Asks: 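Have a look at the structure that comes next, please.
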Protein chains: 2
Amino acid sequence: MPAATTIKDVARRARCSIASVSRVVNDSGPVSGPLRQRIAAAVAELDFSPSEVGRSLALKRSRTIGVLVPSVTNPVFADCLAGLQDAARRAGHAVLIAQSNYEAGREAEAIAPLIAERPAGLVLTVCDPASSEARRRAAAAGIPTVLLFNEPAPAVGTEIDVEANAGGGAVVTVDNRGAGRELAAAVLARGHRRLAFVAGRFESSDRARARFEGFRDALTAAGLPVAPPIEIDFLDGADHIDLTEVLARLQPTAIVASNDLLAIGVMAALRRHGLAVPQDVSVAGFDGIAIGRLIAPSLATVEWPARAMGTAAAAMLLDLVGPRGGKPTAARTLRLPHLIRPGGTLADAPVTSCLPLETSP
Amino acid sequence: MPAATTIKDVARRARCSIASVSRVVNDSGPVSGPLRQRIAAAVAELDFSPSEVGRSLALKRSRTIGVLVPSVTNPVFADCLAGLQDAARRAGHAVLIAQSNYEAGREAEAIAPLIAERPAGLVLTVCDPASSEARRRAAAAGIPTVLLFNEPAPAVGTEIDVEANAGGGAVVTVDNRGAGRELAAAVLARGHRRLAFVAGRFESSDRARARFEGFRDALTAAGLPVAPPIEIDFLDGADHIDLTEVLARLQPTAIVASNDLLAIGVMAALRRHGLAVPQDVSVAGFDGIAIGRLIAPSLATVEWPARAMGTAAAAMLLDLVGPRGGKPTAARTLRLPHLIRPGGTLADAPVTSCLPLETSP
DNA sequence: GACGTCGATGTAAACGTTTTCACCAAGGTA
DNA sequence: TACCTTGGTGAAAACGTTTACATCGACGTC
């Protein structure tokens, strides 16, 4: 293999010291016209591009951002990642990825390789920010961290961590609980009175929990009983959701799922029971993934700007890191707005199925 | 920030040289029992984990794999990426990502940050392997490369590149053209005679081109005319596909799309025209994305093991790199099998709509 | 004419590892 | 006894950068 050309090769070719080459490449410090030209020519001829690893070592900081998501196969995280990667690239940073597979126990080992690369910062979506070992490790290593989609939580650990986690608890997220309330309210507004909630496992997602809490708020406010949520494996659970029991017991006229992927899985499950969406049962989800728009009936959901959230997370992290170690300028908590997206899966409650239920006086 | 602990800190604490620490950490070279214990203790107490950037510099090779895909928002690439990341992690490697947004012109700049990190190798899905500037750059930098999903193509460039691109043209892919043939044959078998093909732009995807060629093969073999394909922007084109013209001109009873995302977009477009799938028009795609199973009607498609392809690409790359620079042992071209997945979107051709067509004698 | 300033350049240290080499002691063989 | 091995250890070089510092000449000012 033709060993990559180094700054020394360029210096030799331009008949100067490596310091001058560095000055030209980074445009730091003064270099005379003629020498600058010779160096530029040498760089071009040798196709020199400086080694980030050498640079990282010298600078004690790399131009790399580490990202941990539950899984890149959930479109909402893929969107985030796409936005984040794009923003990072524009800022001259590379992106390292890791996945926890929605298991809190795997988070720490998942980000170990990221931390070993001494990244400029980390963007994490963890199962539970309050107890996240991964978050603690990042703080202990002194790596600035932005939480994505998680609920804001107090800075981890003790004194050293507070200092380490510059900006203590930076986060780009949405109002999960509020969205849950609004979505449930929208469902209630259509006359539904028996609602079920299908969620990814709460221990895997504070988002799912917060959305359910919002859902519960709305039902409680309407004076309705709240059935316990049905918890499903996030990773492949959507493929074969079993609604037999809840359909028999609760006979819901509407089912809210904690994300769109699960909502689509719920629709498939209902179909297996011979139930039509939305004629027999309405369905709604969270995330606003693109596919939800294209399917029939289109998916009623809560839409948030996933891609922009990735972009924002990158921006916040880079601000946190600071161009010159300066103090961060922007806010440390960003809650992006959401929007109830109406869809064909949400319709008025069927009149008939209200009958067998005990009616309120 | 508490500066990360280094090998020197450990050495000081264990009262020995950094060489011995390195020997213990990497289990290279002999260390006496007592000293080994002291060092292990110091490592544990200081929570030392070696800096990959220091290591990379010394070794002149990093434990990082760079991946370029058109976009992580296409589930088939997300699946690949998930598998690849998982395999890489198990092998102690980190994964850097880049996206070309399906634009050949962006590939080179997209992988520049990856190359700058001096990765152990690259996994690329490019628009056109034969003319890919990104591939040429990687070869010029002497970085082993595996193509993913692309058609195998001759090694790029001239002599030096052949040497550089160890294993000249390693590739993990599928039989795109064969799959196109088989899928078209399956559609023809249902009695369809007027077929349209909706593709991502050919200049963005040799896969789309190969699949169309297979489609054409089958139609030609059946003595049918082949209409020119309808080319769509990959990135957001699926959201608003315009079929007005092709529906008016060709009046197809079946539409094949070059991937599942587009196929789902085609279904939405047909619906806007008031056409029912599959009663009026059948639809089929390629990739076998998970969502295709859950929607109604379920999507007929060609399924390949996307996740396993990512895993395989990682394995092949690591083999190419070699644990100790040894010669690669495994095959350099891997074509994984595919499977026609029947689905509700593909049904018999409607009898009525055969009438207005000129029938073959 | 002495002195300071400033621009242009080079030298060398530092960053955190791995690894080669040298050294030393202990033990075996001739 | 003289000699080689062999296990254990440390010193130091190397990897590719950045940057603090030193040097030197030219120029301006008093």
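All figures in this text were calculated on a predicted structure; none of them were measured in a lab. A note on names: the letters A, B, ... follow the listed sequences, proteins ahead of strands, and every chain is numbered from 1.
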Asks: Applying a 4.0 Å non-hydrogen cut-off, can you work out what A:Ile18 is touching in the nucleic acid: base, sugar-phosphate, or nothing?
Replies: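 A:Ile18: base contact, heavy atoms under 4.0 Å.
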Asks: For the side chain of B:Leu59, starting at C-beta, report the closest nucleotide among D:dT17, C:dT19, C:dT17.
Replies: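 Looking only at heavy atoms from C-beta outward on B:Leu59, the closest nucleotide is C:dT19.
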Asks: Taking atom C1' of D:dG10 as reference, at what distance in whole Å does atom CG of B:Leu35 sit?
Replies: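 Rounded to the whole Å, the gap is 11 Å.
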Asks: Less than 3.5 Å apart, any donor N or O on the side chain of B:Arg55 or B:Asn26 sitting next to an acceptor on the other?
Replies: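 Yes - a donor-acceptor pair under 3.5 Å links their side chains.
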Asks: In whole angstrom, give the distance that lies between atom CD1 of A:Ile7 and atom P of D:dT19.
Replies: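 One finds 11 Å between P of D:dT19 and CD1 of A:Ile7, rounded.
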Asks: Atom CG of B:Leu57 and atom P of C:dA14: how far apart are they, to the nearest Å?
Replies: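 Atom-to-atom, B:Leu57 to C:dA14, this comes out as 17 Å.
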Asks: Above 12 or not: heavy atoms from other molecules or residues under 6.0 Å from CD of B:Glu45?
Replies: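 Above 12, so yes.
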Asks: For C:dG10, take OP1 and OP2 only and decide whether either is under 4.0 Å from a side-chain N or O of A:Ser17.
Replies: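 Indeed, a polar side-chain atom of A:Ser17 lies that close.
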Asks: Can you tell me the distance, in whole Å, between the CZ atom of A:Arg23 and the C1' atom of C:dT11?
Replies: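 From A:Arg23 CZ to C:dT11 C1': 11 Å.
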Asks: Specify the separation, in whole Å, of atom CD of A:Glu117 and atom P of C:dG16.
Replies: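 Going from CD in A:Glu117 over to P in C:dG16 covers 15 Å.
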Asks: In whole Å, I'd like the distance from the CZ atom of B:Arg61 to the P atom of C:dT17.
Replies: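 Between P of C:dT17 and CZ of B:Arg61: 19 Å.
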Asks: Strictly below 4.0 Å: does A:Ser20 bring a side-chain N or O up to OP1 or OP2 of C:dG10?
Replies: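 For A:Ser20, the contact criterion (side-chain N or O under 4.0 Å from OP1 or OP2 of C:dG10) is met.
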Asks: Rounding to an integer number of Å, can you tell me how far A:Asp27 CG sits from D:dT19 C1'?
Replies: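 Going from CG in A:Asp27 over to C1' in D:dT19 covers 16 Å.
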Asks: Between A:Thr64 (side chain only) and A:Pro119 (backbone N and O only), is there a donor and an acceptor less than 3.5 Å apart?
Replies: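 No; zero donor-acceptor contacts below 3.5 Å.
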Asks: Give one of base, sugar-phosphate or nothing for B:Ser22, where a contact means two heavy atoms less than 4.0 Å apart.
Replies: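 Base, at least one base atom sits under 4.0 Å.
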Asks: Which pair of heavy atoms, one from A:Pro50 and one from B:Arg118, lies closest together, and at what distance?
Replies: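 That would be C-NH2, 3.9 Å.
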Asks: Taking the side chain of B:Pro30 as its heavy atoms from C-beta onward, which of D:dT18, C:dT18, D:dG7 lies nearest to it?
Replies: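 Side chain of B:Pro30 sits closest to D:dG7.
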Asks: When the nearest nucleotide of DNA chain D is assigned to A:Val25 and to A:Lys8 on a heavy-atom basis, which residue is associated with the more 5' position?
Replies: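 Whichever sits nearer the 5' end wins; that is A:Lys8.
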Asks: To the nearest Å, how far apart are A:Arg36 CZ and C:dT9 C1'?
Replies: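 Going from CZ in A:Arg36 over to C1' in C:dT9 covers 13 Å.
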Asks: What nucleic acid atoms does B:Val31 come within less than 4.0 Å of, heavy atoms only: base, sugar-phosphate, or nothing?
Replies: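 Answer is sugar-phosphate: B:Val31 comes under 4.0 Å of backbone atoms only.
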Asks: Check every atom of C:dT18, D:dG16, C:dT11 against the side chain of B:Arg55 and return the nucleotide holding the closest atom.
Replies: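 Output: C:dT18.
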Asks: If you assign A:Ala19 and B:Ala19 each to the DNA chain D nucleotide with the nearest heavy atom, which residue ends up on the more 5' nucleotide?
Replies: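 Its nearest nucleotide lies further toward 5', so the answer is B:Ala19.
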Asks: Please compare B:Pro50 and A:Gly33 by the position of their nearest nucleotide in DNA chain C and report the one closer to 5'.
Replies: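 Mapping each residue to its closest nucleotide by heavy atoms, the 5'-most match is A:Gly33.
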Asks: With rounding to the nearest 0.5 Å, note down the distance linking OG1 in B:Thr311 to CG in B:Leu84.
Replies: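 Going from the OG1 atom of B:Thr311 to the CG atom of B:Leu84 covers 7.5 Å.
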Asks: C:dT17, D:dT9, D:dT17: which one has an atom nearest the side-chain heavy atoms of B:Ser32?
Replies: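 Nearest to the side-chain atoms of B:Ser32, counting from C-beta on, is D:dT9.
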